Participant: 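Before I ask anything, here is the structure I am working with.
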2 protein chains.
Amino acid sequence: MTVTIKDVAAHAGVSTKTVSRVMNGEQHVRTHVREAVMRVVGELGYRPNAYARSLSSARSYLIALFFDDPASGYATAMQRGALMRCRERHYHLLVQPLDLASATWVDELTETAQSLRLDGAILAPPLSQNGALLAKLTALQIPFVCISPADTGRAAFGSVEIDEERAAYDMTARLIALGHRDIGFIEGDRAHASSAKRRAGFVAAMAAAGLAVDERHMLRGDFSFRSGLEAGEALLAMRPRPSAIFASNDDMALGVSVAALKHHVAVPADLAIAGFDDAATARLAWPPITTIRQPVSEMGAAAVDILIDPGYRANMAAAEYRRRLGYDLVARDSTGEGAETA
Amino acid sequence: MTVTIKDVAAHAGVSTKTVSRVMNGEQHVRTHVREAVMRVVGELGYRPNAYARSLSSARSYLIALFFDDPASGYATAMQRGALMRCRERHYHLLVQPLDLASATWVDELTETAQSLRLDGAILAPPLSQNGALLAKLTALQIPFVCISPADTGRAAFGSVEIDEERAAYDMTARLIALGHRDIGFIEGDRAHASSAKRRAGFVAAMAAAGLAVDERHMLRGDFSFRSGLEAGEALLAMRPRPSAIFASNDDMALGVSVAALKHHVAVPADLAIAGFDDAATARLAWPPITTIRQPVSEMGAAAVDILIDPGYRANMAAAEYRRRLGYDLVARDSTGEGAETA
DNA sequence: GTCCCGATAGACATCGATGTCAGAAATATT
DNA sequence: AATATTTCTGACATCGATGTCTATCGGGAC
């Protein structure tokens, strides 16, 4: 049979309650008692039953990570970071896809939340920008943290993000520094708050350099490879055509690079390409794509940290729970300055 | 407060045990009682508390999915399928990375297994081929199912796989049918049982067509993009050089396609390329890569089915628990026959 | 009409931990 | 030394479900 708290209590000659105190690191246990209990725990190989614990304490030690599209590299990187931190803190992580377009998402969420009594939820974009979802979680009394939410300013919840506008500004400035004057821009899916931020960064950088933005060179995409391919072909067909294209994410940048291949436009000689996200595909492209690296894993870990903080539940709006992490501009060959070459 | 089984029992005018019977679909409940209870459940929005359930029934309704590399597209596709099936069956899925190279994996596994009392585990390759891991799970008395295990023949556990050898055979035969006589082959990581199977299929198909396999045209890779790129460049530098290259997975096939781009070899005119797995990258490449599609999601779902089967725990070796699913050969432009064109 | 049997339903104990509260021991105060 | 205060510890109820066992119900066989 498995070892229960009673066995430990019996062997150590104390009550189960005292064993419980030791296991949870509570105070009011004399040092030698604590040590004796610990020794017995070690000898017997006792592991608390998570279910009994959750049932009586009303805590689940469970955090859920919700995704719109769990297949993306972004999702898995975040999952990795969150999982690592959960393990360190003796929590468990449940990864759940959540399709807001489906008719049943409210039910699915409620089901998970109520039957599992989640201790917290992490929302990956674009879920983090969905008002109905945030409201539902609030109603269910589940603390949550948003990754890259719509507006951080007056948010009443914790968040983890990078300064996407500034990152886009930096990337644009880099292209300008490389001598580009006419830069095409491919916007992302408007459902993502990131799209507007990245666009704003691009526009600001152009303005700061005193360059006019040719409206016809700003196309709308939806973050997909295909939309990048189409926008890329459209931009390449224009006269004059831009000497550089900044796509709002790497999948679209890859689309642009394929468009260039199809139309025999040399990259980076005749066209520079920049992306955003540092997706796996950016490194696999030819030439490899210059991009912005978000510390996605760290963001996942940071979200777990916030949720586990004992004070979070009571005061989700505190400023200390709004974290901004750094990012890197990764220069590769698609802009002709590859330090990293495949 | 949340709704408990007592509330439902009170409203329906029956005992909690009867509600429990209804919730679990047990027999010995008259139809009108069952309906009355269901109605109350609906009205009150009752959801059983998973912890109380697990505590009293000694079942956890939890299945763990273990991965070596949770970041791969393969992993997420499998996760999606398993998750879907779990949800249908009111189980929960825990996704856990497991690094067999680390010193602590035994502890991590034991911890998860014992504190959570897993009802079952799914092992993705190459974990499914690790003897020590299988032994440990057996010792912990956790039923498990292996995805693509090393040898199915006399295995004492359930498994889900496709006939990889035959799939590789089919792909090779297809290349031969397209007129290729000198076909290069890039083998996968030898730590994966799949590598040998795919290779065997290639060799068998060549033999069946009466074609000699040029040993120098069979290179070893490790399933990575880089190894594909290197092997591709090596093959392209050879004289005579193969007119087609069959890489053991899509990442390596993408490497070959990049090698072709670098060396200005036209695909598919001067070189046909085939991959295996139908990874996302295969569709994003230019031209899109012909490949074998494994029904990875369905495989995940099938694994859950096996684990949930009431008879599985008692007789893991039964033949019915060894499932072989079908696969598709997806023809794309990299072999010049793209029905699917980007 | 009685007896028997399977189907149905409920009472009660139980799973393994933690919360509450009161009593015992140790320490501080006068 | 007696009392007040604080620090420990354990008895017991409790969390919300299911397992076991027994009682009741209804219908068919005799």
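Treat the numbers as computed from the prediction; the structure is a model and nothing was measured. Note on naming: letters A, B, ... go to the chains in the order of the sequence lines (proteins, then strands), and numbering restarts at 1 for each one.
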Participant: Taking atom P of C:dG19 as reference, at what distance in whole Å does atom CE of A:M23 sit?
Facilitator: 14 Å

Participant: Give one of base, sugar-phosphate or nothing for A:V19, where a contact means two heavy atoms less than 4.0 Å apart.
Facilitator: nothing

Participant: What is the distance, to the nearest angstrom, from the CG atom on B:D7 to the P atom on D:dC15?
Facilitator: 11 Å

Participant: Quick check: does any side chain N or O of A:R322 sit under 3.5 Å from a backbone N or O of A:A317, one acting as donor and the other as acceptor?
Facilitator: yes

Participant: From CZ of B:R59 over to C1' of D:dT18, roughly how many Å is that when rounded to an integer?
Facilitator: 12 Å

Participant: Compare the minimum distances between each of D:dG16, D:dA11, D:dG19 and the side chain of A:L55, then state the nucleotide with the smallest one.
Facilitator: D:dG16

Participant: Using the side-chain heavy atoms of B:H28, tell me which of these nucleotides is nearest: C:dA7, D:dA11, D:dG16.
Facilitator: C:dA7

Participant: Have A:R117 and A:Y61 got a donor and an acceptor in their side chains that come within less than 3.5 Å?
Facilitator: no

Participant: Counting just side-chain N and O atoms, does B:S20 come under 4.0 Å of either OP1 or OP2 of D:dT18?
Facilitator: yes

Participant: Do any side-chain nitrogens or oxygens of A:S15 fall under 4.0 Å of OP1 or OP2 in D:dG10?
Facilitator: yes

Participant: Are any of the side-chain nitrogens in B:R39 or B:E43 under 4.0 Å away from the carboxylate oxygens of its partner?
Facilitator: yes

Participant: What is the distance, to the nearest angstrom, from the NZ atom on B:K6 to the P atom on C:dG10?
Facilitator: 16 Å

Participant: Could you tell me how far apart A:I5 (CD1) and C:dG16 (C1') are, to the nearest whole angstrom?
Facilitator: 8 Å

Participant: What orientation do B:Y321 and B:Y312 show, parallel under 30°, tilted 30 to 60°, or perpendicular over 60°?
Facilitator: perpendicular

Participant: Locate the shortest heavy-atom distance separating B:I147 from B:S128; write the atom from each residue and the value.
Facilitator: O-OG, 2.7 Å

Participant: Between A:R34 (CZ) and D:dT7 (P), how many Å, whole number?
Facilitator: 15 Å

Participant: Measure the distance from CZ on A:R53 to C1' on D:dG16 and round it to the nearest whole Å.
Facilitator: 18 Å

Participant: For A:T16 and for A:V33, locate the closest nucleotide of DNA chain D by heavy-atom distance; then report the residue assigned to the nucleotide nearer the 5' terminus.
Facilitator: A:V33

Participant: Taking the nucleotide of DNA chain C with the nearest heavy atom to each, does A:R30 or B:V29 sit closer to the 5' end?
Facilitator: B:V29

Participant: Does B:N49 have a side-chain nitrogen or oxygen under 4.0 Å from the phosphate oxygens OP1 or OP2 of D:dC15?
Facilitator: no

Participant: Could you tell me whether B:Y61 contacts a base, only the sugar-phosphate backbone, or nothing, with contacts defined as non-hydrogen atoms closer than 4.0 Å?
Facilitator: nothing

Participant: Between B:T18 and C:dG10, is there a side-chain N or O to OP1/OP2 distance below 4.0 Å?
Facilitator: yes

Participant: Heavy atoms only, 4.0 Å cut-off, all strands: where does B:R117 land among base, sugar-phosphate and nothing?
Facilitator: nothing

Participant: Has the side chain of B:R21 got a donor or acceptor that lies under 3.5 Å from a partner of the other kind on the base of D:dG19?
Facilitator: no

Participant: Once hydrogens and angles are ignored, does a donor-acceptor distance under 3.5 Å link the base of D:dG19 to the side chain of B:K17?
Facilitator: yes

Participant: Between B:L94 and B:I63, is there a side-chain heavy-atom distance shorter than 4.5 Å?
Facilitator: no

Participant: Return no unless some side-chain N or O of B:Y51 is found under 4.0 Å from OP1 or OP2 of C:dT18.
Facilitator: no

